[in-house]
Amino acid sequence: MGDQTGFPVLIDGPAIKKRVTELAEAIDADYEGQTPVLLGVLTGSFIFLADLCREMKTRCEIDFVRVDSYGGGTTSSGDPALTLGAKLDLNGRAVLVVDEIIDTGLTLNLLLEKIKSMGAADVKTVALINKRAKREIPLEPDYTGFTVENGFLVGYGLDSAETMRNLPYIAISEKKE
Ligand code: IMP
Ligand code: MG
């Protein structure tokens, strides 16, 4: 079976697995004795969160939120909105926001504000990819899988117009940003 895309592979499946295991170990060490809420950002984080939580030994709860900003395009509209809130009560909780990629930082910034306003006791963030070139908010994830400068990435949850999320690796789309 050929590749779905023909796009160049940036991070292959085994490299992702190794890094996710390392992230899980770091998170386990920091959350010892706690029961954090892993709060995934739909839709892109679903694969990363599924793999990360299975490498973690820490007891945790899992919930999802949805933030929409792209409107189907490849550049952020710059005005993200929370379109689906958490089901769990985050008041007093340790919350670890799980996102597949941070780009401008607008999405994570919005989420951090919302989660703090819900009374969370502690909020940290983990991003599989830290994309640096277009950062608008000076925000760095507490845990980062891989750092890239630029480029539109697809696979392992990352989409191009909702397709290619299921690639078991991360590729660079040739689509213009
Ligand atoms: P931010 O608000 O600009 O940081 O963008 C965050 C969201 O934009 C991510 O959660 C992704 O859904 C999407 N995004 C940013 N860069 C990429 C990319 O290279 N490929 C696919 N989605 C991306
Ligand atoms: Mg996302």
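Just follow the structure's listing: the first ligand is 1, and inside any ligand the first atom is 1.
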Can you tell me if CD on Glu149 sees more than 12 non-hydrogen neighbours from other groups inside 6.0 Å? yes
Return yes when Gly44 approaches ligand 1 closer than 4.0 angstrom through a heavy atom, no otherwise. no
Does ligand 1 have an atom that lies less than 4.0 angstrom from a heavy atom of Ile101? yes
Are Thr147 and Asn130 close enough, and set up right, to give a side chain to side chain donor-acceptor pair (under 3.5 Å), and what steps lead you there? CA-CA 5 Å; Thr147 300; Asn130 184 348; 4.5 Å; no
Side chain to side chain donor-acceptor pair (under 3.5 Å) between Tyr156 and Asp51, intermediate numbers included: CA-CA 10 Å; Tyr156 199 75; Asp51 285 349; 2.7 Å; yes
Checking the side chain of Arg19 only, and the main-chain atoms of Gly145 only, is there a donor and an acceptor separated by less than 3.5 Å?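 Judged by distance alone, yes, a pair lies under 3.5 Å.
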Quick check on contacts: which atoms of ligand 1 are under 4.0 angstrom from a heavy atom of [X]?
X      : answer
Leu158 : 20 (N), 21 (C), 22 (N)
Leu153 : 18 (C), 19 (O), 20 (N), 21 (C)
Gly151 : 19 (O)
Gly105 : 1 (P), 3 (O), 4 (O)
Glu100 : 9 (C), 10 (O), 11 (C), 12 (O)
Asp99  : 10 (O)

For ligand 1, is any non-hydrogen atom under 4.0 Å from Lys131's backbone (N, CA, C, O), its side chain (CB onward), both, or neither? side chain
Compile the donor-acceptor pairs under 3.5 Å between side chains in residues 84-97 and protein atoms, sequence neighbours left out, one pair per line.
unit_1, atom_1, unit_2, atom_2, d
Asp89, OD1, Asn91, N, 3.0
Arg93, NH1, Glu61, OE1, 3.4
Arg93, NH1, Glu61, OE2, 3.3
Arg93, NH2, Thr35, O, 2.8
Arg93, NH2, Glu61, OE2, 3.3

Pair Glu162 + Arg165: basic N to acidic O under 4.0 Å: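 Yes, Glu162 and Arg165 are salt-bridged.
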Donor-acceptor list for residues 23-31 side chains, cut-off 3.5 Å, not counting sequence neighbours:
unit_1, atom_1, unit_2, atom_2, d
Asp28, OD1, Lys57, N, 3.0
Asp28, OD1, Thr58, N, 3.0
Asp28, OD1, Thr58, OG1, 2.5
Asp28, OD2, Lys57, N, 2.9
Asp30, OD2, Tyr143, OH, 2.5

